[in-house]
Every structure is written in C-alpha cells, then in structure tokens.
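Following: one structure in structure tokens, then a few remarks.
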Amino acid sequence: MKKLLIGIILVIFIGGGVLAYNFTKKPAPKYTTAEVVKGEILQTVSATGTVEAETKLDLRFMNSGKIKEINVQVGDSVQKNEVLSKLDTAQLESQLNKAKAGLSAAQANLNKLLEGATAEDIRVSETAVANARIALDNAKQSLADTQASAAKDIANAEASVNSARISLNNANQSLANTQILNENNLNQDYDDAWDTLNSSLLTASNSLDTNDTVLNNEDAQDTLSVLNIQYLNNSFQSKATAANSYNNVKNYIDSIKPDPSDENIDKALIQLKSALEDIRAALSDTSDVLGATITSSKLSQAELDVLKSNISTARANTNTAISNLTAAEQSISTQKVTNQTNLDNAQAAVNSAESTLNSSQESLAATRALANSKINTAKNAVKSAEGALKQAQDQLALKTAKPSYSEISLYEAQVREAQANVDLIESQISDSVLVAPQSGVITEINGEVGETITSAVDFISMIASENFKIKANISEVDIAKVKVGDKVEITFDAFGPDKKFAGSVAEIDPAQTEISGVIYYKTTTIFAGNSEVIKPGMTANLDIITAQKDNVTVIPFQALKEKDKQKYVQVLENGILRDVFVEVGLKGDVNVEVLSGLTGGERVVTFVEE
C-alpha cells in the first residue's frame, strides 16, 4: 500500500512538470514566405482629374534638336500613332554605335573571365616558374663568388694606403694656417654686410611709410586712380605683400641680432633683398595709381606732383638699397673665391707630399667602389630573380584559380552599365520622333526642316477627332516618372471601378502649380477609344503606367530589408534562415525587381510572427 501511494505521487509530480513546461515554453516563430518567381513588374502613378471638352492638341518634342523631316502639312488628316516629324539623330546614332561596342566589349570580358585560362596557358606558366627557380640559384652563387673576390682586393689596397700616410703631417700644418687667415678675412666682409643690412632695412621702412602716406593722402582719395581702378586694386594688393615681406624680414633680422652668424646673414641678405623687390613692385603700382589720378578741388596739380616725386624718390632709394645688398653679397662671394684660391695654393703644397697617399687612397676608393658596384649588381640580380620567380608563381596561381564572386559581380555590373547606356540612347532616339497621340487634323506647324527646336516649344497643333481630355495634377514627387505617351487606365466615378477606359499622356505642363503649399504639375490625358458616353465635368481616376518589365525575377516589397546600406532578403531553407544580399532594379507598386543574388524558386520571408 505504501509503494502504491509513492507511485501515485510520482506520476502526479511528473505530469505536473510536463504541463508546466508546455505552458511556459516560448513558441517557435512562424514565418510567412513567398516564392521568388519570374513575372511582370508594374510601376504606376495614380491621380484624379476632371474631364474637359477639347478641340485642340499642342504637340512638342521631348528633346531639343534640329528638325530632319516633317511628314504632314496644315489641313492633313492623320491617324493615331502616325509619325508627324523627326529630329536629326545622327549624333545620337553615332553614340548608340559606340555604346553598343562598349556593351559587346563588356560582355566579351565577362565571357573571358568565366571561361578561365586554357591548359596551354597553364603549361607555359609552369615552365616560367621552373626557369625562374634556376635563374635564382645561379644569381645566388654569383653573389657569393663576387663577395669573396671583393674582400681580397680591398685588403691589398688598404695596406698600400697605410704605408703612404706618414709623409703628410708637415704640409697639413701650413694648410691649417691658411685656413685661419681665410676665416679672418671672410669675417670682416660679413661684418660689413651686417651694417649694410641694417641701413637697407631702414630704407625699406622709409619706402613703405612713403607708399602708405601717398595712398592714404586725404586730398587724393576722391580721384585716386580714377582713370583705372584696377591700378588701385593692384597697389593695395602689392602694398600688403610688401608690408608682409618687410615684417617677416625685420622679425628675422631682430631675431638673429644675438647671433649674427654667416648663415643667418646670408639668409637675411636674401630675405631683405626679396622684401625690397616687393616694396619696389608696390611703389611701381603706386606710381601707376598716381598716373591714373586726376586733380580735383581737394588735390591740386602741385600736390599731385609732390606725391609723384615722393614715390620716385622712394623708388630710387629702394633701388640703391637693393644695389648695396647685391654688392655685399658679391663681396662675400668674391672673398670666398679668394679664400678658395688661397686654400688651393696651400693645398698644392700639400699635394706634393701626399701624392703617394692620394694615389693609394684613390686606388683604395676605386677598389671599394668597384667591389661595392659588383656586389650591388649581384644583389640586384638576386632580388630581380626572386621577383621574377614570385611573379611567375603569382601568374600561375592566377591562371589556375577560379574567378571570385566579387570579380564576376564587377564584370556583370559593367555589362549592366553598358546595357543601360545603350537603353538610354535608344530612348533618346525614340523621343526624337513626334507621333499623333490620336486621330485628327493638323492645324499649325511652327518650324521648318533644318531649324533647331526646343522641347519647350509647341511644334505641331491638331484638332482631335475625340473631343475630350482629362486634366490632372501630378505631385513633384511622382512627375519625374511620367512622360508623354505613357499608357493610362481610366475609370469614372459615374460608371464604377469595373468599367475601364484606355488613354495616354498627351502633354505635361512644364510650369509648376502650387496647391496648399504642395507643388504639382498639370498633365493632359486623352482617350484611346470610344468616348461617346463621357461627359465634361466627370471625375476620372487615372492609373498612369510609368514603367513595366516582363519575365524578370521579382519579390514582394515586404521581403526586402536593409543592413549597413545594403539590400538583403532572408531565405528560408529547411527551417533555417540565411541572409542573402541582393541588387534591386525597378520598384513596382507591389513588388521589386531583383538583378542579382536570387535566381528563382527560393522562399523569402515576408513576415515573422513571434
């Protein structure tokens, strides 16, 4: 009895645990999927308009161009879709031929990539690898032989140099004395140059002050450079440049006063001379300004002559300062040449004592240079052989490897881009043909063969046989999708949604219309069939077919997702989800075209129920 009671308790405990687990466990998500199929994709723009009575249609080309032919005359009766006129498309046709050639080349490159290398190409690459290995082994052996021979030659040359060095010491002392004298003479020239620098800097300052005083003369402001205002603009610009150059060199000279070394003085001479050149240019521009200045009630001829004289004096002083700086530079240069001459004479005395040493040193240097050259040549040969082997191995690997997904995608994208270019030019050629949107009579032709006409001009006017049109407003968001000639499916509130009429877009007004702060463009739709039951004032519902493709890979909009700016879908296979990145094309009303990533037959997730 006790065992039975224990068994019943265990059964109850286990059963309760199972029930608790079933109630608390999280159910698996449920996926709603759709099959990737080939089908039609349709893009439409919907609008509501009103029927109006119509007796006249104004037709214009979609493109601008030269009129090539006019096939009708005023008074002619025409049928719907009859060609009325054409533009000259010779240039477009040439572009089309070039675009088609580009498409063929892109397709050929893709085919070549997919086919891969031939067996003969691979054998040639394998032979190249084997030959490159042999060449590398030979280059390494040649390097080892060259290094051994160079070491022996250098040791013999160094022994000759050591035996010739002792006889040079006495002659070197005389050379040292000459160098001391040279230094003293050059120091005196640099001292003189330092004085010239300071006097020339003062001249630069005075010239700048004169230039500023002339340009800022109050009596001359009304007529300053009145005959040529560009002179004044040039003067202000060169004035600013000169002032900047002066400030830079003054700051530099002030900074080197604690240490006016030869190098610092050389730099200061160059900078101050350049600054004076800028000042001279500024004074020249100011002289042009005064030449373009006329007298006035405030500025007499005498005052103007004084201003010109001041500028002329400043220019002369500036030229003198430049000449003084040039002379200082020349004096230093001359002293350096003299020093070098004295040094050469002293060196000549040394040369007789060191002739043997020089000979042995030159021999050693030549031996080392020749050895290094031979070694470097041998090393370069090794590196070249290594590079050739690596290149041959890479070429072999490239030929034996299959093309990557990214390479195939790149070449496929180039094909699609070339095809899109062909389609665009063909569309432009098609838009160069003007056809009758419906039957009627030609009433006006505004142009002749050979004339150039724009898309903004009404070219041909006609009276339509069917005397009703529909005016509708299309928002700026959708207007770019709509073009003249687009087919239109029409329903009327008066007849219900089941009775449909056909039509086409006949005109798009280029001028905008603002309604409640929103931009719209007025479009005109004409009927393509019997319109006897249509009355003016009726409300019409328009579905304009702006794009359509057949037999393309399509998926529902709900399946398309985006991650890191890339489009992807989730494919369900055997209960497992995987992300597949896709490239999309035309976006329809309910579905979207897939250009790559999916081939058809996959199940893509459109909704997940947790």
So, taking the atom named [atom1] in [X] and the one named [atom2] in [Y], what distance separates them when rounded to the nearest 0.5 Å?
{"X": "Asn317", "Y": "Arg315", "atom1": "CG", "atom2": "CZ", "result": "12.0 Å"}
{"X": "Lys66", "Y": "Asp88", "atom1": "NZ", "atom2": "CG", "result": "6.5 Å"}
{"X": "Leu272", "Y": "Ser245", "atom1": "CG", "atom2": "OG", "result": "10.5 Å"}
{"X": "Ser430", "Y": "Met62", "atom1": "OG", "atom2": "CE", "result": "10.0 Å"}
{"X": "Asn251", "Y": "Ile256", "atom1": "CG", "atom2": "CD1", "result": "12.0 Å"}

Name the one of Asp285, Val289, Asp288, Leu215 that satisfies side-chain contact (heavy atoms from CB on, under 4.5 Å) with Ser225? Val289
Heavy atoms only: give me the nearest [X]-[Y] pair and the separation to one decimal.
{"X": "Ser331", "Y": "Asp189", "result": "OG-OD1, 3.5 Å"}
{"X": "Ile425", "Y": "Leu92", "result": "CG2-O, 3.3 Å"}
{"X": "Leu572", "Y": "Gly575", "result": "CD1-C, 3.6 Å"}
{"X": "Asn339", "Y": "Asn185", "result": "OD1-CB, 4.4 Å"}
{"X": "Ser432", "Y": "Thr89", "result": "CB-CG2, 3.5 Å"}
{"X": "Thr178", "Y": "Ala346", "result": "OG1-CB, 3.5 Å"}

Is atom [atom1] of [X] surrounded by more than 12 heavy atoms (other residues, nucleotides or ligands) closer than 6.0 Å?
{"X": "Glu35", "atom1": "CD", "answer": "yes"}
{"X": "Lys587", "atom1": "NZ", "answer": "no"}
{"X": "Glu263", "atom1": "CD", "answer": "no"}
{"X": "Glu277", "atom1": "CD", "answer": "yes"}
{"X": "Asn184", "atom1": "CG", "answer": "yes"}

Heavy-atom side-chain contact between [X] and [Y] under 4.5 Å:
{"X": "Thr320", "Y": "Thr203", "answer": "no"}
{"X": "Arg416", "Y": "Glu412", "answer": "yes"}
{"X": "Val415", "Y": "Leu103", "answer": "yes"}
{"X": "Val582", "Y": "Leu560", "answer": "yes"}
{"X": "Val592", "Y": "Leu586", "answer": "no"}
{"X": "Asp564", "Y": "Phe581", "answer": "no"}
{"X": "Thr33", "Y": "Val604", "answer": "no"}
{"X": "Leu269", "Y": "Ile265", "answer": "yes"}

Report yes or no: does [X] contribute a side-chain atom to a donor-acceptor pair with the main-chain N or O of [Y] at less than 3.5 Å?
{"X": "Ser94", "Y": "Ala90", "answer": "no"}
{"X": "Ser207", "Y": "Ala204", "answer": "no"}
{"X": "Ser200", "Y": "Leu197", "answer": "no"}
{"X": "Ser149", "Y": "Thr146", "answer": "no"}
{"X": "Thr367", "Y": "Ser363", "answer": "yes"}
{"X": "Ser274", "Y": "Ile270", "answer": "no"}
{"X": "Thr377", "Y": "Ser373", "answer": "yes"}
{"X": "Thr196", "Y": "Asp192", "answer": "yes"}
{"X": "Ser174", "Y": "Ala171", "answer": "no"}

Assess the residue pair Ile279 and Asn211 against the criterion (side chain to side chain contact (heavy atoms under 4.5 Å, CB included)); give the C-alpha distance rounded to whole Å, side-chain angles, the decisive distance to 0.1 Å, and a yes or no. CA-CA 9 Å; Ile279 293 171; Asn211 193 57; over 6 Å; no
Testing the 3.5 Å rule here: is there a donor-acceptor pair between the side chains of [X] and [Y]?
{"X": "Gln419", "Y": "Asp423", "answer": "yes"}
{"X": "Asp145", "Y": "Gln141", "answer": "yes"}
{"X": "Asp278", "Y": "Tyr246", "answer": "no"}
{"X": "Gln230", "Y": "Asn234", "answer": "yes"}

Apply side chain to side chain donor-acceptor pair (under 3.5 Å) to residues Glu417 and Asn421 and explain how you reach the verdict. CA-CA 6 Å; Glu417 180 181 7; Asn421 193 25; over 6 Å; no
Apply side chain to side chain contact (heavy atoms under 4.5 Å, CB included) to Gln393 and Arg133, showing your working. CA-CA 10 Å; Gln393 291 171 333; Arg133 285 199 178 98; 3.6 Å; yes
Apply side chain to side chain contact (heavy atoms under 4.5 Å, CB included) to the pair Ile429 and Leu96, showing each step before the final yes or no. CA-CA 9 Å; Ile429 293 175; Leu96 179 61; 3.8 Å; yes
Glu158/Arg368 salt bridge by N-O under 4.0 Å criterion: yes
Salt bridge flag under 4.0 Å for residues Lys257 and Asp254: yes
With side chain to side chain contact (heavy atoms under 4.5 Å, CB included) as the criterion, how do Thr356 and Ser167 come out once you've worked through the C-alpha distance, each side chain's angles and the decisive distance to 0.1 Å? CA-CA 9 Å; Thr356 302; Ser167 61; 5.8 Å; no
